[in-house]
There are 2 protein chains.
Amino acid sequence: MTLRQPEPYGRPDKRRAITQAARRVFGRDGYTRASMDAISAEAGVSKRTVYNHFTDKEQLFLTVALEGAEEVTAAIAQIMDRHLHKIVDLEQDLIDFSLDRVAAVTSFPDHFALVRAIEAEAAHIPPPILKAWIAAGPQTGHLRLAPYLRRIADRGLLEIDDADSAAAHLTLLTITDVNQQTFYGAVPLPQEEIARLVTRGVRAFLRSYAPTTP
Amino acid sequence: MTLRQPEPYGRPDKRRAITQAARRVFGRDGYTRASMDAISAEAGVSKRTVYNHFTDKEQLFLTVALEGAEEVTAAIAQIMDRHLHKIVDLEQDLIDFSLDRVAAVTSFPDHFALVRAIEAEAAHIPPPILKAWIAAGPQTGHLRLAPYLRRIADRGLLEIDDADSAAAHLTLLTITDVNQQTFYGAVPLPQEEIARLVTRGVRAFLRSYAPTTP
DNA sequence: TAAGTACTACACTGATTAGTGTACCTTGAA
DNA sequence: TTCAAGGTACACTAATCAGTGTAGTACTTA
């Protein structure tokens, strides 16, 4: 099994229609429940065309997962830049950043439904593929956040020993908390409750990483 | 669909064999992949007997999930009592507590594999049932931890405003961090790495909730 | 016009699976 | 001994689904 179909094949619009549909259906139904018939129907494409573009159900799933991860990573990178480039009020900026980051989950519902599916399938996914997925998605999140925190710390607004840990902790205290409670958006949570969780998470983070002003 | 089979039916040893086997098979294969034939075979029981005890695949799954959650909750309660009743060295005690709590995940591999399955199915599980699951499992974890932290704070070893938040944060910074990286134990992580994650999580928690000693 | 590429419609295979029906066996209590 | 509850073995239905094969169509390029 290869990670990606290397040579381009077929009409790009068809390929796109297939991956879009696959994302929706995989997300809605999960890997096993999702049927190739449903995907081809949703894509408005013959089932044969699906199999001409992708050798396998498995390969289609992984392609969609990795491409989606890249899209989301790009979106999150933008959010980081928007909120963490110029810091005005650190607490408020971190809260706004985290709220936007949480909102990204709901604005890519298909992808994050798919993330749930991957986590469920973790034990059935070959380790190298799983590694590729982690590298493309979750990990890059931390890796990109860390330098921002480092820079903020260099300006004396935070006291950070290990920027990677700090990035992980900020993520855990905000996004992960919300994601756990909403099952990645599957269970709705009122916006004010989300804001409450994020705010208390950011405050805890700041208490932990604020510079000791003597 | 009812939450539990109310009236007892059949020989308890058979019922037990079925739920044990179901836990293993659901955990190993996930809900959809797991077949009732496989479960009955694993239980050493006729398939008909399975259907005499449980009306449905779905009902069997939910029964197993809820019963497992209760077992794990009981085990975690013991761990809390062991480590958080008498505090000697707060940091060390919290680290030991968290490591034991992480170890509980690996010592109930079938159940936590099943937890992954539930999280994947979250969108397909009727909300009241999902609520029952959350109440039986994850939530009780926080609810039970909070009073311990409250008591420690009352002794002046922590400065806690909202004990529930503090419990959530401690959990996030330790167990959740490890669980995310290991996919609930599906991907192995060396013990020393686990210890590193937990230690840095506890330290961050303490920096955040340590009393300000003027 | 000829050839090649991509897509479609559709039938089909082979395998798996949830759930049922039934006839028969085992065991313990009355 | 009799009876009834619970278990077993096994055959069976109806449905679903991954993946293939094929004959034909549309569009592009030489």
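Protein chains get the first letters and strands the later ones, always in sequence-line order, with residue 1 at the start of each.
When the C1' atom of C/dG21 is taken as reference, atom CG of B/Asn52 falls 12 Å away, rounded to whole Å. Across the protein-nucleic acid pair, A/Phe54 atom CZ and C/dA6 atom P stand 14 Å apart, rounded to whole Å. As rounded to whole Å, 17 Å separates atom P of D/dT16 from atom CD1 of A/Ile39. In this structure, the CG atom of A/Asp37 is 9 Å from the C1' atom of D/dA18, given to the nearest Å. Taking atom OH of A/Tyr31 as the reference point, atom P of D/dT16 lies 20 Å away to the nearest angstrom. Whole-Å rounding puts the A/Arg15 CZ to C/dC7 P distance at 12 Å. Put simply, NZ on B/Lys14 is 19 Å from P on D/dA5, counting in whole angstrom units. The distance from atom CG of B/Asp13 to atom C1' of D/dT8 is 14 Å, rounded to the nearest whole Å.
Of the candidate nucleotides C/dT8, D/dA9, D/dA18, D/dA9 has the atom lying nearest to any side-chain atom of B/Ser46. Between C/dT8, D/dG7, C/dG19, one nucleotide has an atom nearer to the side chain of B/Lys57 than all others, and that is C/dG19. Side-chain atoms of B/Arg48 lie closest to C/dG21 of the nucleotides D/dG7, D/dA18, C/dG21. For A/Arg11, counting side-chain heavy atoms from C-beta on, the closest listed nucleotide (D/dT8, D/dA18, C/dA6) is C/dA6.
With a 6.0 Å cutoff to the six-membered ring centre and a 45° limit on the axis angle, B/Lys57 counts as a cation-pi contact of B/Tyr31.
Atom CG of A/Asp161 sits in a sparse spot, with 12 or fewer heavy atoms from other residues, nucleotides or ligands closer than 6.0 Å.
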Kindly determine whether B/Arg101 and B/Thr171 satisfy side chain to side chain donor-acceptor pair (under 3.5 Å), including the steps that lead there.
CA-CA 10 Å; B/Arg101 208 166 154 212; B/Thr171 303; 3.1 Å; yes
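A/His53 has no side-chain polar atom (N or O) that falls below the 4.0 Å cut-off from OP1 or OP2 of C/dA6. In terms of phosphate contacts, B/Tyr51 brings no side-chain nitrogen or oxygen within less than 4.0 Å of OP1 or OP2 of C/dT22. One finds no side-chain N or O of A/Ser35 lying less than 4.0 angstrom from the OP1 or OP2 phosphate oxygen of D/dT16.
Residue contacts shown for A/Ala34 are limited to sugar-phosphate atoms, with no base heavy atom under 4.0 Å away.
Judged by distance alone, with hydrogens and angles left aside, the side-chain atoms of A/Arg23 form no donor-acceptor pair with the main-chain N or O of A/Val64 at under 3.5 Å. The closest donor-acceptor contact from the side chain of A/His111 to the backbone of A/Val105 lies at 3.5 Å or more, if one exists at all.
For C/dG19, the base has a donor-acceptor partner in the side chain of B/Lys47 [N/O atoms by modelled type, under 3.5 angstrom].
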